[in-house]
There are 2 protein chains.
Amino acid sequence: MSTSEIHEEVARRLDQAGQRYTRGRRRLIDTLLSLGRPVTIREIVENEPELAQSSAYRNLDVLQSSGAVRRLPSPGDFDHFELSEPILGHHHHLICLQCGSIADMHLPDEVEEVVDQGLAAAAHDAGFFAVQHSLDLHGYCAGCSAPAN
Amino acid sequence: MSTSEIHEEVARRLDQAGQRYTRGRRRLIDTLLSLGRPVTIREIVENEPELAQSSAYRNLDVLQSSGAVRRLPSPGDFDHFELSEPILGHHHHLICLQCGSIADMHLPDEVEEVVDQGLAAAAHDAGFFAVQHSLDLHGYCAGCSAPAN
DNA sequence: ATTGCGACTGAGAACTATTCTCAATAAGCT
DNA sequence: AGCTTATTGAGAATAGTTCTCAGTCGCAAT
Ligand SMILES: [Mn+2]
Ligand SMILES: [Mn+2]
Ligand SMILES: [Zn+2]
Ligand SMILES: [Zn+2]
């Protein structure tokens, strides 16, 4: 998916939700795209100081509601935001217990298939209606495991 | 693992961390045990009103540091707490997008093996030191998908 | 038992990530 | 251009969580 295709997809989703694709929202998408990993609000406004923090929160929420952005609750203090899976594709995360950074990760299709089947069975047994799964690895990133610790 | 074995295990871990196994901490473990699923602080103090909220937070943090309790960041507003995997055994979660409730779930060993191998390869490629994985299903619980929506 | 001392407790204050408010502005439509 | 409605942004408000500190408890040595 090219950058312009992504913008079109976001515009489509916002339109469907009765929302406008304003400059600020476009810049938010560009920032998520250029940082290329789940980021905090702080990182976003530091990289794009013209974005007001309150508007960033509000617009990320709008973008999430329209399915363009995903919000990740974090073990630390700051939630992280990334482009949604319909845009970025299905993937997983490497979450650092030390510095809180999150990196994207992909698994082979065979693994995804086994996981999906196992989860489908578990959901069925519990009467649970599944929307999506999350599969993250928690540990220490290259930067944090190298020096000391 | 019986209830008394669990208390012994918690006592062992606290002792190793130079911490005491006080009445309040014991009651916290009993509450987690009796509720039998990841719960919020609010649920804990409602079920055991003798526990002061500030002490509950502090002691759950102590118990987490000693490896007896796990804290789960939540998509909603409240973090959840459960007994740690060394005590409860490895498992996963069904997380309701509507009501925020979390239920435990187990996967077949074959699935776990495939997942572990896939994650080990991904971690190796990224220079990531893995501690544990989380694999959760997000969707709608039986209670929330039944009525309407 | 008694004593001493450091760990623990609890009520509330403080902190801070996030959400809300509302007057000013921008977007889209005719 | 003018009209209508959504959006913006600075700051206030909210709320989950952490911190403070004086009083209490647990434990071990006497
Ligand atoms: Mn997957
Ligand atoms: Mn697993
Ligand atoms: Zn790190
Ligand atoms: Zn539910």
Side-chain angles (χ1 to χ4, degrees), chain A residues 7 10-31 38-46 48-66 68-82 99-102, chain B residues 7 10-31 38-46 48-66 68-82 99-102:
Chain A
H7 280 299
V10 174
R12 196 171 9 254
R13 287 175 172 274
L14 284 175
D15 187 56
Q16 230 165 3
Q19 299 280 344
R20 296 172 183 168
Y21 199 13
T22 59
R23 261 200 316 283
R25 290 173 183 176
R26 202 173 301 261
R27 206 167 324 197
L28 226 31
I29 295 295
D30 281 330
T31 303
V39 290
T40 62
I41 284 277
R42 168 168 300 186
E43 291 176 287
I44 291 172
V45 300
E46 278 175 358
E48 204 67 38
E50 298 188 34
L51 291 172
Q53 192 184 55
S54 61
S55 298
Y57 271 114
R58 183 176 349 91
N59 284 328
L60 286 168
D61 189 55
V62 169
L63 288 164
Q64 180 183 42
S65 296
S66 73
V69 160
R70 175 153 64 145
R71 181 175 194 152
L72 305 170
S74 255
D77 278 336
F78 302 84
D79 283 0
H80 289 241
F81 298 86
E82 67 175 352
C99 69
S101 71
I102 305 180
Chain B
H7 280 298
V10 173
R12 195 169 12 251
R13 288 175 171 273
L14 284 174
D15 187 55
Q16 229 164 1
Q19 299 279 343
R20 295 173 183 166
Y21 200 13
T22 60
R23 260 201 316 285
R25 292 172 183 177
R26 203 174 299 262
R27 206 167 324 197
L28 225 30
I29 295 294
D30 281 329
T31 304
V39 289
T40 63
I41 284 278
R42 168 168 300 184
E43 289 175 289
I44 291 172
V45 301
E46 278 175 359
E48 203 68 39
E50 298 190 34
L51 290 173
Q53 191 185 54
S54 60
S55 299
Y57 271 114
R58 182 176 350 92
N59 284 328
L60 286 168
D61 188 54
V62 168
L63 288 164
Q64 180 184 40
S65 298
S66 73
V69 160
R70 174 152 65 144
R71 181 174 192 150
L72 306 170
S74 257
D77 279 336
F78 301 83
D79 283 359
H80 289 242
F81 298 86
E82 66 175 353
C99 70
S101 72
I102 304 180

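Here is how names work: the chains are called A, B, and so on, in the same order as the sequence lines, proteins then strands, and each is numbered from 1.
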Open item on the list: What I'd like to find out is whether the side chain of Ile41(B) reaches to under 4.5 Å of the side chain of Leu60(B), using heavy atoms alone.
Closed with: yes
Task: Short side-chain N/O contact to dT18(D) OP1/OP2 from Arg71(B), under 4.0 Å - done: yes
- [ ] Just compare dT18(C), dT18(D), dA6(D) and give me whichever is closest to any side-chain atom of Asp79(A).
- [x] dT18(C)
Open item on the list: OP1 or OP2 of dC8(C) versus the side-chain N and O atoms of Asn59(B): is any pair under 4.0 Å?
Closed with: no
Task: Minimum-distance nucleotide to Arg42(A) side chain [options: dA17(C), dA11(C), dA26(C)] - done: dA17(C)
Task: Selection from dG12(C), dA17(C), dC8(C) that lies nearest to any side-chain heavy atom of Gln19(B) - done: dC8(C)
Open item on the list: Measuring to OP1 and OP2 of dT18(D), would you say a side-chain N or O of Tyr57(B) lies under 4.0 angstrom away?
Closed with: no
TODO: Check whether any side-chain nitrogen or oxygen of Arg20(B) sits under 4.0 Å from OP1 or OP2 of dG6(C), and answer yes or no.
DONE: no
Open item on the list: Is Ser55(A) close enough to dG9(D) that one of its side-chain N or O atoms is under 4.0 Å from OP1 or OP2 there?
Closed with: yes
Open item on the list: From C-beta outward on Thr22(B), which listed nucleotide comes closest to its side chain: dT9(C), dG9(D), dC19(D)?
Closed with: dT9(C)
Open item on the list: Rounding to an integer number of Å, can you tell me how far Gln64(A) CD sits from dT18(C) C1'?
Closed with: 13 Å
Task: Atom-to-atom span, CD of Glu43(B) to P of dG16(D) - whole angstrom - done: 13 Å
- [ ] Check the distance between dT9(C)'s C1' and Glu48(B)'s CD and give it to me in whole angstrom.
- [x] 16 Å
Open item on the list: Applying a 4.0 Å non-hydrogen cut-off, can you work out what Arg23(B) is touching in the nucleic acid: base, sugar-phosphate, or nothing?
Closed with: sugar-phosphate
TODO: Check every strand shown and say whether Arg25(B) touches a base, only sugar-phosphate, or nothing at a heavy-atom separation below 4.0 Å.
DONE: sugar-phosphate
Task: side chain to side chain donor-acceptor pair (under 3.5 Å), paired with Tyr21(B), selected from Arg26(B), His7(B), Arg12(B) - done: His7(B)
TODO: Would you mind reading off the distance between Phe78(B) atom CZ and dT14(D) atom C1', rounded to a whole angstrom?
DONE: 12 Å
